[in-house]
Amino acid sequence: MKNRIKIIFLVLFVIFLNCGKEANEESVATVESAKMSSDMPLEKKVAPSAPRAEVISETEPTPNQLGQVFVPIQNTTERLLEYQVQLNYQTPDLIKTRKDLLSFITKYGFIESSSAVNMDSPYMNLRVHIKSEKLYEALIELDTYGVLLSEDISTVDHTEGMVWQKIKSNREKLRLVRRTNANNQTSANSKNWEAIEEAITDSENNLDNSEHEIWKIKDKVKWATLSINFTTPIPADRIQVPVYKNAFIGILNLFLELTYYFIWILPLVIVFGILYFPLKKIYQHFKK
């Protein structure tokens with residue numbers, strides 16, 4: 001009896017151990033699955049991103065274009081720069097481009113010179129002056145009138161020249177004040193009066209020249225110079241059929257011209273014909 005009770009207890013203990021082990025395995029599996037589910041977003045975040053397809057921007061230039069125009073830096077507080085721009089464009093319709101340019105010039109500046117030809121090889125050349133503060137806007141708008149073939153943008157730095165002209169102007173102002181004071185203290189009978197008066201005139205002229213040079217520098221900095229050339233695409237070779245009517249007209253004109261000259265020489269022919277036989281008889285008579 002006791003042995004049976006021991007066997008029953010032993011069987012129940014083994015069953016209890018197996019149940020506990022399965023429960024532990026299920027709990028461990030549950031924890032691991034939860035851990036994996038919680039780590040999956042993190043893995044997605046740190047996972048290497050797939051290679052992106054290259055996206056071609058609409059603003060990227062095509063092989064036959066230069067792309068966006070140069071952006072001039074307007075820093076008038078430090079440097080006094082004069083912009084000189086040379087642009088070559090190709091346009092399919094020169095007449096329309098010319099009309100657009102007329103409104104463009106009135107909007108941004110004024111024209112210095114222009115020439116255009118609308119024949120076998122149409123082209124248009126113009127030289128305009130644009131306000132430097134609107135130069136970038138003007139270049140962007142010009143890009144809409146045709147395909148940019150070439151551009152050359154350069155600057156002339158007038159900062160040093162402006163500094164020197166201001167120094168000269170201030171110096172001449174001081175000289176003019178000193179000479180004017182000396183002239184006021186000199187009587188008309190003094191020998192130095194004429195020399196002082198001449199020196200005052202020279203100072204005034206030098207001061208005017210310095211002020212004029214300052215104005216010219218400011219004007220060059222204020223207005224950028226643009227030399228623009230527009231051409232049309234080279235047309236394909238085509239068959240040229242001559243106007244055959246012109247050939248017949250030419251033949252008729254030649255015939256009429258010969259008739260005109262024949263009328264002029266007809267009197268000479270008649271006179272020669274009248275005199276031929278008498279002159280022949282006279283010649284034969286003297287020959288005998």
Side-chain angles (χ1 to χ4, degrees), residues 53-162 213 215-243:
E54 295 183 357
V55 179
I56 299 177
S57 175
E58 296 180 355
T59 58
E60 288 186 3
T62 61
N64 295 328
Q65 297 183 13
L66 291 180
Q68 293 184 347
V69 295
F70 170 77
V71 182
I73 301 174
Q74 299 295 332
N75 192 2
T76 55
T77 58
E78 296 182 2
R79 312 302 300 180
L80 299 174
L81 302 178
E82 175 192 357
Y83 284 97
Q84 298 177 353
V85 184
Q86 293 183 354
L87 302 169
N88 290 319
Y89 287 94
Q90 190 177 81
T91 175
D93 191 349
L94 187 65
I95 302 301
K96 181 180 179 302
T97 302
R98 180 179 175 274
K99 293 180 180 179
D100 295 336
L101 285 173
L102 293 177
S103 60
F104 168 83
I105 293 170
T106 56
K107 179 179 178 182
Y108 290 102
F110 62 95
I111 187 170
E112 179 181 332
S113 62
S114 175
S115 62
V117 173
N118 188 23
M119 296 174 65
D120 295 336
S121 299
Y123 69 89
M124 182 176 183
N125 298 324
L126 65 157
R127 184 179 176 88
V128 297
H129 295 277
I130 303 297
K131 288 185 178 180
S132 297
E133 59 188 15
K134 295 184 178 179
L135 178 58
Y136 181 57
E137 298 177 13
L139 293 177
I140 291 296
E141 186 167 337
L142 278 174
D143 242 15
T144 61
Y145 298 152
V147 178
L148 181 62
L149 301 180
S150 65
E151 85 177 352
D152 182 12
I153 300 179
S154 60
T155 59
V156 179
D157 194 349
H158 294 282
T159 309
E160 182 180 356
M162 176 64 80
E213 290 296 327
W215 177 88
K216 287 197 297 185
I217 291 175
K218 289 182 178 179
D219 185 69
K220 291 179 180 179
V221 172
K222 181 180 179 181
W223 297 95
T225 303
L226 274 70
S227 298
I228 311 171
N229 180 35
F230 283 93
T231 57
T232 57
I234 300 175
D237 293 337
R238 57 184 180 180
I239 299 176
Q240 297 181 354
V241 180
V243 182

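Residue numbers count from 1 along this sequence.
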For Ile105, check side chain to side chain contact (heavy atoms under 4.5 Å, CB included) against everything at least two apart and list the hits. Ile111, Leu126, Val128
Listed partners of Thr97 passing side chain to side chain contact (heavy atoms under 4.5 Å, CB included), at least two apart: Thr91, Leu101, Tyr145, Phe230
A side-chain contact here means heavy atoms from C-beta on lying under 4.5 Å apart; do [X] and [Y] qualify?
| X | Y | value |
| --- | --- | --- |
| Val85 | Glu151 | no |
| Leu87 | Leu139 | yes |
| Met162 | Lys218 | yes |
| Thr144 | Phe104 | no |
| Asp143 | Tyr89 | yes |
| Val156 | Lys220 | no |

So which atom in [X] and which in [Y] form the shortest heavy-atom distance, rounded to 0.1 Å?
| X | Y | result |
| --- | --- | --- |
| Ser132 | Ala224 | OG-N, 3.6 Å |
| Thr232 | Gln90 | C-CG, 4.0 Å |
| Pro233 | Pro92 | CD-CA, 4.1 Å |
| Leu80 | Asp157 | O-OD1, 3.4 Å |
| Lys107 | Lys134 | O-NZ, 4.4 Å |
| Ile95 | Asn118 | CD1-ND2, 3.4 Å |

Distance, nearest 0.5 Å, that separates [atom1] of [X] from [atom2] of [Y]:
| X | Y | atom1 | atom2 | value |
| --- | --- | --- | --- | --- |
| Ser114 | Arg127 | OG | CZ | 13.0 Å |
| Leu81 | Thr159 | CG | OG1 | 6.0 Å |
| Arg98 | Asp93 | CZ | CG | 12.5 Å |
| Thr225 | Glu82 | OG1 | CD | 5.5 Å |
| Asp219 | Lys222 | CG | NZ | 7.5 Å |

Can you list the residues that meet the salt bridge (Lys or Arg N to Asp or Glu O under 4.0 Å) rule with Glu213, with sequence neighbours excluded? Lys216
From Glu112, Gln84, Gln86, residue fulfilling side chain to side chain contact (heavy atoms under 4.5 Å, CB included) relative to Ser227: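 Of the listed residues Glu112, Gln84, Gln86, the side chain to side chain contact (heavy atoms under 4.5 Å, CB included) partner of Ser227 is Gln86.
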